[in-house]
Amino acid sequence: MKTRILAPAAALAAAALLLTGCTDNNASADGTIRVNSTSDACEVSTTSAPGGTLNFSVTNGSDKVTEFYLLADDGLRIVGEVENVGPGLSRDLVVIAPEGNYFTACKPGMVGDGIRAAFAVTAAPAGQSVNADRAALQETAVNLYSAYVKDQTQQLVEGTTEFATAFAAGDVKKAKELYPAVRMHWERIEPVAESFGDLDPILDAREADLEKGDDFTGWHRAEKDLWAPKGYTAMTQAQRQKIADKMVANTAELHSRTQELTYTADKLSNGAKELLDEVATGKVTGEEEAFSHTDLWDFQANVDGARIAYEDLKPLLTENDSELDQALETNFATLQGLLDQYKKGDGFVLYTELTEAQIQELSAAVDALSEPLSKLTAAVVK
Amino acid sequence: MGRTTADDTARQSTGISRRGLFTAAGAGGIGLAVGALGTSAVNAAVAPKSPDTVVPFYGEHQAGIATEAQDRMHIAAFDVTASTRESLISLLKDWTEAIESLTRGAEIGDGATGGNYDSPPDDTGEALGLEASHLTVTIGFGRTLFTLDGVDRYNLSKHLPEALIELPHFSADALEDARSGGDLIVQACADDPQVAVHAVRNLARIAFGRARVRWSQIGFGRTSSTSTTQATPRNLFGFKDGTANLKLEDNDLLNEHVWVRGGTGVETWMNGGTYMVARRIRMHIETWDRSTMRDQENIIGRTKKEGAPLSGGEEFTEPDFNLQGREGPLVAVDSHVAMAHPTKNNGVQMLRRGFNYTDGSDGLGRLDAGLFFIAFVVDARTHYVPMQSAMAKNDLLAEYLRHTGSGLFAIPAGVQPGQYLGQALFDA
């Protein structure tokens with residue numbers, strides 16, 4: 001369980017630290033186009049730049065919250081935007097734009113059409129190709145991921161019902177079998193599930209996550225009863241029924257809420273990063289499943305979820321960031337290869353069966369993948 | 001594990017008090033030690049210390065609280081093993097005497113090189129030649145000193161302050177027993193780490209037989225400024241920390257939020273004192289380092305470079321929690337700066353005096369690093385628990401934090417020459 005995972009919905013064309021592929025546009029020595037947004041002017045340091053990656057550095061010289069847009073030649077379609085720039089602060093916008101006519105627009109106070117000016121993107125330097133429609137690629141990625149979340153949530157609902165029935169009925173053997181397998185559907189979409197700050201603690205809190213007086217419910221409550229530690233008093237049938245009913249009801253609620261969710265490319269990439277964070281801080285340390293020790297199921301599911309997000313975003317990478325794409329491809333495969341060594345039947349060996357050296361090896365592979373994965377957002381939002 | 005050793009009374013007569021150094025004159029007692037073998041208490045080979053780096057020991061409040069935050073810290077908690085109240089008092093007297101010397105930059109007892117050739121030196125010696133380095137040593141009492149498993153070992157339970165609570169379990173706490181609690185706390189801060197370590201080491205040595213180290217922690221860099229003359233340092237997340245901290249120049253605010261005043265009856269002894277909240281907060285620095293700059297700034301609620309609130313302005317501009325952006329306030333309601341701000345916490349403020357730490361690695365190739373959080377407050381029940389309870393659950397930053405150690409200590413007032421630290425409690 002985590003508190004709140006998904007970052008505030010960031011604009012698609014987000015600011016980025018990676019000033020890759022700076023263009024030579026005479027705007028400044030490093031190719032950055034400077035924008036000063038005052039209360040009544042939008043000063044842009046140049047009116048044209050060669051096609052490719054454009055770096056705008058937007059400073060808010062007004063006393064209101066401002067925004068900066070790069071608009072297509074219809075004056076409507078947003079090619080890139082930076083929002084929520086407080087007075088006196090600066091923010092970068094990195095965007096990939098092909099040759100064409102555009103508009104720049106500052107919007108002090110976030111109202112109106114903005115203070116606009118024409119902006120020309122000239123031909124890209126020889127040898128550089130610029131994809132004309134990254135927005136369409138982003139939309140495709142987002143739609144694919146949305147379908148994946150819906151599918152996983154549906155399976156989670158069905159699995160939870162089956163598990164809850166067995167658990168309530170006292171069918172320990174069946175409940176123990178179902179527990180790690182069903183939880184994989186949760187773990188695959190964990191950043192999405194956790195974005196509902198009220199449902200997450202009810203369904204997935206570990207006992208230590210709670211304060212005195214909080215109800216201990218959900219998956220880990222059932223886990224403790226099924227894999228009872230020493231000195232633990234088992235729940236009565238009525239108590240189990242209550243936990244089971246609550247799990248089913250709240251999972252149904254989760255399902256219904258995910259139907260309405262919308263995503264952006266940066267949510268996918270940040271979500272992938274967060275899934276690996278989950279592995280690094282909870283699964284590879286064996287803390288998630290304190291009683292059942294089925295951490296490797298969760299581990300695999302987190303990696304699955306991250307890989308799906310990456311694969312959905314891949315078309316945005318192959319053209320401009322093939323090196324990053326290659327690093328992700330390689331490191332996902334390496335980590336999966338390691339996990340495969342611990343497969344047993346339909347699942348995995350228990351965490352407690354791993355040696356220290358094996359855990360270190362897994363942890364190193366998680367770190368190796370996490371580093372390039374952390375660069376995914378900047379690469380896909382351009 | 002029993003805490004009381006069979007016979008520590010002998011120790012009382014062989015500690016540094018053996019020469020009767022604990023005198024009303026304090027430092028003046030050193031002269032008595034010029035002794036049998038013709039050795040001098042203070043090693044003449046060591047150059048005199050510059051008074052510029054001495055923080056006065058005596059005063060209304062203990063030093064090391066409303067003192068300009070030094071750059072380094074060594075803090076240690078002790079379990080008291082003394083078998084009697086008198087033995088405990090003798091420890092506090094010996095510590096007082098030693099701290100008075102140490103903070104002047106002087107050596108303990110007969111010094112590091114000036115004692116009997118057939119005895120181990122009184123002072124361990126690694127601070128020879130070093131300045132006083134603004135060393136302060138602040139001591140305090142844990143709840144277990146007053147009552148341990150229902151036992152009142154030192155006839156102190158009736159003076160247990162109500163505010164010296166057992167901190168509750170906060171959401172996601174992962175406290176380790178061996179890093180938490182303690183009967184006594186000794187916080188040594190200095191500009192030179194060797195000076196701070198020297199202080200703790202020698203106090204631990206003096207305590208053998210009467211108290212033993214339960215846990216200790218080195219802090220290598222201050223994370224707060226406690227004076228308007230100090231620049232705001234950065235924590236291991238790379239952000240400025242303590243911008244809104246109480247400053248020692250804010251006398252009225254210190255009186256309101258830090259110093260205990262007006263206590264009566266069995267709690268009179270705490271007047272002029274304060275409470276120290278100590279939390280060892282490991283940071284998941286590796287996953288933090290992989291988060292985007294956008295996330296980092298949104299989580300903190302300030303810009304990384306300047307430390308300006310995201311609502312605009314500069315570092316010391318007050319955050320405007322109402323200034324709206326596209327998806328809500330520019331400073332998110334669950335950002336760290338919003339969660340910690342006095343306006344969101346019934347107006348309470350803390351004197352934060354924490355330190356960055358690293359303690360090797362965790363066996364999985366990650367640094368065990370973070371913040372050793374220290375805050376001085378008038379009452380943790382109003383000035384720490386509600387805020388930490390909310391932050392543990394809702395602070396966006398909590399994702400990257402793991403509280404592994406915890407302690408709450410009653411810090412008694414300062415002393416005057418002739419008194420020992422904590423005397424008001426034992427005289428009460």
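Sequence lines set the chain letters: A, B, ... in the order given, protein chains first and strands last, and positions in each chain run from 1. Side-chain atoms are counted along with the backbone in the values below, which use heavy atoms only and exclude waters and symmetry mates. Fair warning: this is a prediction, and the values are worked out from it, not measured in the lab.
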Is [X] close to chain A through its backbone or its side chain, or both, or neither, when contacts mean heavy atoms under 4.5 Å?
{"X": "B:L330", "value": "side chain"}
{"X": "B:S311", "value": "backbone"}
{"X": "B:H169", "value": "both"}
{"X": "B:T317", "value": "neither"}

Given a strict heavy-atom distance threshold of 4.5 Å, which part of [X] is in contact with chain B: side chain, backbone, both, or neither?
{"X": "A:I359", "value": "both"}
{"X": "A:E287", "value": "side chain"}
{"X": "A:D367", "value": "both"}

Subject >> Under the salt bridge (charged side-chain N to carboxylate O under 4.0 Å, His left out) test, residues paired with B:R381 that sit two or more places apart >> reply: B:E162, B:D379

Side-chain heavy-atom pair [X], [Y] within 4.5 angstrom cut-off:
{"X": "B:I374", "Y": "B:R352", "answer": "no"}
{"X": "B:Q217", "Y": "B:D359", "answer": "yes"}
{"X": "A:L317", "Y": "A:L328", "answer": "yes"}
{"X": "B:K304", "Y": "B:Q296", "answer": "yes"}

Subject >> Partner residues of B:P168 under the side-chain contact (heavy atoms from CB on, under 4.5 Å) criterion, sequence neighbours left out >> reply: B:F170, B:V385

Among [options], which residue forms the greatest number of heavy-atom pairs with chain B at distances under 4.5 Å?
{"options": "A:S90, A:A364, A:G88, A:A280", "result": "A:A280"}
{"options": "A:E371, A:E207, A:K212", "result": "A:E371"}
{"options": "A:K273, A:E356, A:E361", "result": "A:K273"}

Original post:
Under the 6.0 Å and 45° cation-pi test, does B:K344 pair with B:F321?
Top reply: yes

Original post:
Top residue by heavy-atom pair count (under 4.5 Å) with chain A, among B:L310, B:D320, B:V331?
Top reply: B:L310

Subject >> Residue among B:T287, B:D173, B:D362 with most heavy-atom pairs under 4.5 Å to chain A >> reply: B:T287

**OP:** Evaluate the criterion salt bridge (Lys or Arg N to Asp or Glu O under 4.0 Å) for residue pair A:E67 and B:R326; output intermediate values, then yes/no.
**Re:** CA-CA 10 Å; A:E67 297 172 337; B:R326 282 285 167 187; 2.3 Å; yes

